[in-house]
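Some notes on the structure that comes next.
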2 protein chains.
Amino acid sequence: MEKLTLQHSILETLPESLRRDALNGLQAIQFEHGKVLFRAGDPCQGLPLVLHGSVKVQMTGLSGNSIVLYRMGADDICTLSIGCLMTGDGFRAEAVVEEDAKVLMVPRGLFDRLMDQSADFRLGIMESYGRRLNDLMLLVEEVAFRRMDDRLSQWLEARAAEGSIRITHQELAVELGTAREVVSRLLKELERQGKLRLSRGRISFVQ
Amino acid sequence: MEKLTLQHSILETLPESLRRDALNGLQAIQFEHGKVLFRAGDPCQGLPLVLHGSVKVQMTGLSGNSIVLYRMGADDICTLSIGCLMTGDGFRAEAVVEEDAKVLMVPRGLFDRLMDQSADFRLGIMESYGRRLNDLMLLVEEVAFRRMDDRLSQWLEARAAEGSIRITHQELAVELGTAREVVSRLLKELERQGKLRLSRGRISFVQ
DNA sequence: GGCTGTTCAGTGATAAAGTCACACAAGGAA
DNA sequence: TTCCTTGTGTGACTTTATCACTGAACAGCC
């Protein structure tokens, strides 16, 4: 709990009365790296608005394998929570903080009031939902049809600017929704091609 | 265009004034089997509410392979359209009518008015979104981790009560997001085990 | 009936990816 | 040091995907 300034774009355009409601009804919560926002099965406490940091949402299959579904960053909305909030069902996925994050929790009552009284808020929610749906459709396509070596290379290239990254093969396997051994072999092959240098818990990009 | 009775649960609880708006602003459109509601890239004309029939939504990857993302049936809402309606982006997927369908098209203006003035309508939209998101998450998990023979068997078992179904191996491959040859081989194996009888364009369940 | 073109299905060969089992290496703690 | 945990490498094998064909089933025609 701290001084509040409603630093989330979806709250910026609220009329004065709702703004006051929001200031009263909202609490900013700080989460550190590794903290779990929610797990599969948890009931939904409210709609999280991410102010900054990074949170990954992943799901674990019956087989025990996991896959990262999407990430939330600054100014993002945890769309997944809305459905759970509405139906009262538990979460199907879990959310883990990657970079220390600050989150505003919008409780059910306030959410309903905002939806009722602010067209901009509604628009923001709908847009967020639409984007999430599109992302997931693309992910289905990617998982179903794209080759693992392509997907791995693409994932790495997106981070190559950093020179080197700290990640285990197991974590990378969860990113891509595959098995650790597959990642190990593909990485080894890239190292043989001279594109990477591998060490325990770290991948370094050559050049 | 025909006599309208607003036969969709999301429209049932509208207050009288909105009800009149809906009766004026809506047109019921009949689509026959095989008709394409929208294709990838098409702009969104409005929110389709499915009154009856069945529509499948599928997407085609860069590789040219396709996969069925979900189906819409009686009393369903084409959630995917909302995002496109909001952002003005084109569709990423395509919708094909499987069983002759009747659809109400809600234009943008009326949609906004309904969202603004009916809490029940909002609730219906949010629930639909939530369900779709959950379905897609499950599909990601299924495609990423479940074995193809399991998924095929499950798909078939869900339809075994009908005795036999008309479908080509190619169509079944699109249902599961795999290649035709894979389906052919797995089906042949099931036939060898005496669980099926195969003929051109038809699968018959034994017993 | 017999031709002809099209769609559908079957299959071998090969490559990619997933699974299982295990060896070993790196690093931290006692 | 030794022990323990976590992370990585790899062989053997299965499942799935891809490529390249073959031939069967059906429809429309003469």
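The chains referred to below are lettered A, B, ... by the order of the sequence lines, with proteins before strands, and numbering in each begins at 1.
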If you check every side-chain atom of [X], which of [options] has the closest atom?
X: A:Arg200; options: C:dT11, C:dA26, C:dT7; answer: C:dA26
X: B:Leu198; options: C:dG10, D:dT16, C:dT19; answer: C:dG10
X: A:Thr168; options: D:dG7, C:dT19, C:dC8; answer: D:dG7

So, is the end of the B:Arg39 side chain (NZ or CZ) under 6.0 Å from the ring centre of B:Phe91 and within 45° of the ring's axis? no

Cationic tip of B:Arg159 within the cone over B:Trp155's six-membered ring, i.e. under 6.0 Å and within 45° of the normal? yes

Distance-minimising heavy-atom pair for B:Ile77 and B:Ser128: CB-OG, 3.8 Å

Under 4.0 Å between a side-chain N or O of [X] and OP1 or OP2 of [N]?
X: A:His169; N: D:dG9; answer: yes
X: B:Arg147; N: D:dT15; answer: yes
X: A:Ser184; N: D:dT10; answer: no
X: A:Thr178; N: C:dA17; answer: no

Does A:Asn65 reach a base, just sugar-phosphate, or nothing at all? Heavy atoms under 4.0 Å. sugar-phosphate

Please give, in whole Å, the distance from [N] [atom2] to [X] [atom1]?
X: B:Met148; N: C:dT19; atom1: CE; atom2: C1'; answer: 17 Å
X: A:Leu176; N: C:dA16; atom1: CG; atom2: P; answer: 17 Å
X: A:Ile67; N: C:dG18; atom1: CD1; atom2: P; answer: 10 Å
X: B:Leu62; N: D:dA17; atom1: CG; atom2: P; answer: 17 Å

Nearest-nucleotide comparison on DNA chain C, the residue closer to the 5′ end among A:Ala179 and B:Lys188: B:Lys188

Taking the side chain as every heavy atom from C-beta outward, state whether A:Phe205 and A:Ile165 have any atom pair closer than 4.5 Å. yes

Base of C:dG12 paired with side chain of B:Arg185 (donor-acceptor, under 3.5 Å): yes

Is it the case that C:dG18 (base atoms only) and A:Arg180 (side chain only) share a donor and an acceptor within less than 3.5 Å, ignoring hydrogens and angles? no

Is a side-chain donor or acceptor of A:Ser118 paired with a backbone partner of A:Leu114 at a separation under 3.5 angstrom? no

Between A:Ala144 and A:Glu181, which has a closest nucleotide on DNA chain D that is more 5'? A:Glu181

